[in-house]
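Okay, structure first, notes after.
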Amino acid sequence: MARIVYSMLTSLDGYIEGPDGNIGLPVPEGELHRHFNDEMRRTSTVFCGRRMYDAMRFWDSPERETADDEVERDFAHAWRETPKIVFSTTLGEVGLNARSMRGDAEAVARSLKAETDGEISVGGANLAAHLARAGLIDEYRLYMHPVVLGGGKPYFQVGLSLGLEPLGTESLSQGVTLLRYAPINLAPGKGSGYK
């Protein structure tokens with residue numbers, strides 16, 4: 001059975017994008033980029049919401065495979081090789097190794113989780129919140145940059161209530177700290193975490 005992991009870069013104040021809708025976080029370089037390359041290679045499937053998929057389609061461009069930077073070429077190759085499921089009611093077509101789903105994200109996630117091995121990565125706060133409410137996320141990974149955005153889109157969607165158990169921390173390059181958590185059972189009425 002696969003594990004579903006929600007993993008995003010965040011600011012110290014918990015935002016994945018700034019108030020103006022731009023990412024606002026430093027771009028991963030060198031060693032940090034290699035960390036994300038390794039993560040992508042370990043991923044069996046990527047679940048994306050439309051906005052996250054639109055942002056990541058940059059890596060579908062054939063020019064990315066011939067870029068001067070070896071680290072970027074490596075990520076582009078890993079991205080293109082990894083199957084992607086894009087949950088959207090408005091997206092027309094998708095790119096390489098991707099399929100668009102208009103149906104119930106929860107049902108698709110449950111089915112794929114049961115039928116697949118490895119790790120399924122979730123990209124996008126809204127999709128992650130939907131799957132979290134259904135008790136489908138096995139691990140939360142927050143890559144915290146030493147930057148304060150002061151507002152914007154939070155890693156955890158407003159109104160989502162979870163109990164979390166720390167799994168560990170790791171110091172990475174560019175001052176980034178990886179925080180890993182698993183959801184835990186909470187008393188009835190106290191939240192939607194599970195274990």
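The model shown is predicted, which means the values in this text are computed figures rather than measured ones.
Between S173 and L32, the closest side-chain pair of non-hydrogen atoms falls below 4.5 Å. Within the 4.5 Å cutoff, no side-chain heavy atoms of I16 are placed close to those of F156. Between H145 and P26, the closest side-chain pair of non-hydrogen atoms falls below 4.5 Å. The shortest side-chain heavy-atom distance between R102 and F87 does not fall under the 4.5 Å cut-off. Looking only at side-chain heavy atoms (C-beta outward), P154 and T10 stay at 4.5 Å or farther from each other. Looking only at side-chain heavy atoms (C-beta outward), M1 and D117 stay at 4.5 Å or farther from each other. You'll find the side chain of I120 stays beyond 4.5 Å of the side chain of T43, heavy atoms only. Inter-residue side-chain proximity for E139 and Y181 is flagged as unmet; no heavy-atom pair is nearer than 4.5 Å.
When atom types are taken as modelled, the side chain of Q174 and the backbone of V27 share a donor-acceptor pair closer than 3.5 angstrom. In terms of modelled atom types and a separation under 3.5 Å, the side chain of S44 and the main chain of E119 share a donor-acceptor contact. With hydrogens and angles disregarded, no donor-acceptor distance shorter than 3.5 Å links the side chain of S61 to the backbone of R57. Counting only distance, with no hydrogens or angles, the side chain of R50 and the backbone of S88 share no donor-acceptor pair below 3.5 Å. In this structure, N37 contributes its side chain and A78 its backbone to no donor-acceptor pair below 3.5 Å. Side-chain atoms of D138 do not come within 3.5 Å of backbone N or O of V5 as any donor-acceptor pair. Panel note: side chain R110, backbone A134; a donor-acceptor pair is recorded below 3.5 Å.
Interatomic distance, N97 CG to T82 OG1, rounded to the nearest 0.5 Å: 7.5 Å. Once rounded to the nearest 0.5 Å, the distance linking OG1 of T45 with CG of L112 reads 4.5 Å. With rounding to the nearest 0.5 angstrom, the NE2 atom of H77 is 8.5 Å from the CZ atom of R41. Between E39 atom CD and R34 atom CZ the span is 15.0 Å, to the nearest 0.5 Å. Between the NZ atom of K113 and the CD1 atom of I137 there is a distance of 9.0 Å, given to the nearest 0.5 Å. Put simply, CZ on R180 and CG on L164 are 13.0 Å apart, with the number rounded to the nearest 0.5 Å.
Defined by atom type and a distance below 3.5 Å, a donor-acceptor pair is missing between the side-chain atoms of N22 and E17.
R51 CZ: 12 or fewer foreign heavy atoms inside a 6.0 Å radius. The 12-atom threshold is not exceeded at CD of E31, counting heavy atoms of other residues, nucleotides or ligands nearer than 6.0 Å.
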- Yes or no on side-chain contact (heavy atoms from CB on, under 4.5 Å) for D13 and L149, after CA distance, side-chain angles and deciding distance? CA-CA 7 Å; D13 52 347; L149 294 179; 4.2 Å; yes
- Task: Could you please spell out the steps behind the side-chain hydrogen bond (donor to acceptor under 3.5 Å, both in side chains) verdict for S111 and E115?
- Result: CA-CA 6 Å; S111 175; E115 299 167 0; 3.0 Å; yes
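The aromatic rings of Y6 and Y140 sit perpendicular, their planes meeting at an angle over 60°, well past the 30° parallel limit.
Every residue meeting the side chain to side chain contact (heavy atoms under 4.5 Å, CB included) condition with A109, not counting sequence neighbours, appears here in chain and number order: I4, F47, L131, L136.
Less than 6.0 angstrom separates the ring centroid of H35 from the ring centroid of Y143.
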